[in-house]
Asks: 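Just passing along the structure, written as structure tokens.
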Amino acid sequence: MERRDKRVILCLAHMSGNEMKYVKEAFDTNWVVPLGPNVNAFEQELGRFAASPCQAEWEEKIGNEPYPQCIQAHESDPDKLWPDALDMSCLAGKQVVALASGTSAVHLALVALGVGPDDEVLCQSFTFCASSHPVRYLGATPVFVDSEPETWNMDPELLEEAIRDRLCRTGRLPKAIIVVYLYGMPAKIAEIKAVADKYGIPLVEDAAEGLGSRYRGQVCGTFGEFGVLSFNGNKMITTSGGGALVCPDAATRDRVMFYATQAREGYPYYQHEHIGYNYRLSNVCAGIGRGQLTVLREHVAWHRHIAHRYAEAFRGMEGFTFHEETGADSRSNYWLNTVVIAPEVRIKNQDQAYKATVKGAVGGAAGVIHQASQARTDCEPNDNVEALRLWLDACNVESRPLWKPMHRQPVYTDSPAYVNGVSEGLFKTGLCLPSGPLVTDDDVDFIIDAIREAVDKG
């Protein structure tokens, strides 16, 4: 397989051309601050999206129609986006606060729920650290719950087992539950919410990877007490960096906003009676988000189209299983496409896996990383998975292991965990493949051909 000049990246949001209008307005009016007209409008538009009904014609479109030749807004006027939102009375009270990141949204949800030292929060183990680190910010203890094998998200039965055991051991119920929509796949949210409601524990949905995913027609991130959204550069839409918190009502929104703006009291000088945070989204970044919202549907459509292409290809490859949505309840945005590789699949040059330490952050992570002192750890992907990652990298194709479960992370060694082996098994055998609006049909063909060539049939 020849190396390509083009780098096929894992996931990157795509600009629509509408963003510059709002960014220009921010500079023209000198609103280059973490508040302003774009922030207010972005929050209102997100609120309408959160309450939007699942339109049958859209469901048909994203499932069957080919992707347009170029990404274009489905509405020229953002004020017309999801106009029927307020007809859903059960969601009409939802309010949105635009924030600096999805992680800050998780943090403020926990602050609003009163989480503090000595409290416990039930967290999904199979995910990124952004949903558990904020628990530690507040001095509380994350209690990890493993996944079920269908959606790869929190196991409802194991969740209830964990709640009962924590009550027995500590005499108190956990303060909150944080469920994640891993790689955009809807969790078994009806069952999880039923457990949360049974014990009166507030539910926080980390929908950072699930923007545009739906469960029984309802937007993911709107079932629980709080919903977390992310607009990082690799998400379904981007503000370059940013996030939002979906709140249950206006009063809670005001409380979250208070903490997001340094918790300033109502005096003509700065008076602080609570610890606050500098978490508001910039008016410039919000302008980017407003333009991005106009192409969210098209982005979801293309992610689903790419997923269909991968799924069809892997059906004919022994030892490879593509992760697909199951049943009629879930509509995944397929933020990232993932495949599980059987341990018996042999990859060319597999004996070279983990022979050298990684020199830079795998997956394009920014910033500074600590250089690894050794190539291997006690919990890592199988040799054939790492060998395939290296093979694809040599073909100029970016791929990445699945999330390493939080209960196997050294920083959480002392945290309680309720496990069933699902997340560890998936971490050892899974790989994320290039996804997103910039991945073309030709790219998918190239990637699949590269994987076929990588398999050692001898």
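Excluded from the calculations below are hydrogen atoms, water molecules and symmetry mates; all remaining heavy atoms, backbone and side chain alike, are included.
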Asks: Considering residues at least two apart in sequence or located in another chain, which fulfil the ring-ring contact (aromatic ring centres under 6.0 Å, His included) criterion with His308?
Replies: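 ring-ring contact (aromatic ring centres under 6.0 Å, His included) check on His308 returns nothing, list empty.
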Asks: Going by side chain to side chain donor-acceptor pair (under 3.5 Å), name the residues that satisfy it together with His303, two or more places apart in sequence or in a different chain.
Replies: none
Asks: My understanding is that only residues two or more places apart in sequence, or in another chain, count here; which of them pass salt bridge (Lys or Arg N to Asp or Glu O under 4.0 Å) with Arg136?
Replies: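 For Arg136 there are no salt bridge (Lys or Arg N to Asp or Glu O under 4.0 Å) partners, ignoring immediate neighbours.
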Asks: Any carboxylate oxygen within less than 4.0 angstrom of a Lys/Arg side-chain nitrogen, looking at Asp456 and Lys348?
Replies: no
Asks: What I'd like to find out is whether the side chain of Tyr181 reaches to under 4.5 Å of the side chain of Asn333, using heavy atoms alone.
Replies: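 Side chain of Tyr181 against side chain of Asn333, heavy atoms only: no contact under 4.5 Å found.
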Asks: Listed by chain and number, what are the side chain to side chain donor-acceptor pair (under 3.5 Å) partners of Tyr279, not counting sequence neighbours?
Replies: His107
Asks: Where do Gly184 and Ser213 come nearest, in terms of heavy atoms and distance?
Replies: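 Answer, listing the atom of Gly184 first, then Ser213: O-OG, 2.6 Å.
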Asks: Side chain to side chain donor-acceptor pair (under 3.5 Å) with Lys188: which residues, sequence neighbours excluded?
Replies: Glu150
Asks: By side chain to side chain donor-acceptor pair (under 3.5 Å), which residues pair with Arg280, not counting sequence neighbours?
Replies: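 Only Glu43 meet the side chain to side chain donor-acceptor pair (under 3.5 Å) criterion with Arg280.
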Asks: Applying side chain to side chain contact (heavy atoms under 4.5 Å, CB included), can you list everything that pairs with Ala194, at least two apart in sequence or on another chain?
Replies: none
Asks: Under the side-chain hydrogen bond (donor to acceptor under 3.5 Å, both in side chains) rule, what pairs show up with a residue in residues 314-326, not counting sequence neighbours?
Replies: Trp152-His323, Arg304-Glu325, Glu312-Arg315, Arg315-Glu324
Asks: Can you sort out the partners of Ala244 under side chain to side chain contact (heavy atoms under 4.5 Å, CB included), two or more places apart, ordered by chain and number?
Replies: Leu46, Val96, Leu229, Phe231
Asks: With sequence neighbours excluded, give me every salt bridge (charged side-chain N to carboxylate O under 4.0 Å, His left out) pair touching residues 413-434.
Replies: Arg408-Glu424
Asks: Less than 4.5 Å apart, any side-chain heavy atom of Asn232 and any of Ser101?
Replies: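 No, their side chains stay 4.5 Å or more apart.
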Asks: Under the rule for side chain to side chain contact (heavy atoms under 4.5 Å, CB included), what residues qualify as partners of Val143, not counting sequence neighbours?
Replies: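 Partners of Val143 under the side chain to side chain contact (heavy atoms under 4.5 Å, CB included) test: Glu120, Leu122, Arg166, Pro416, Tyr418.
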Asks: Can you sort out the partners of Gln350 under side chain to side chain contact (heavy atoms under 4.5 Å, CB included), two or more places apart, ordered by chain and number?
Replies: Arg346, Ile347, Asp383, Asn384, Ala387
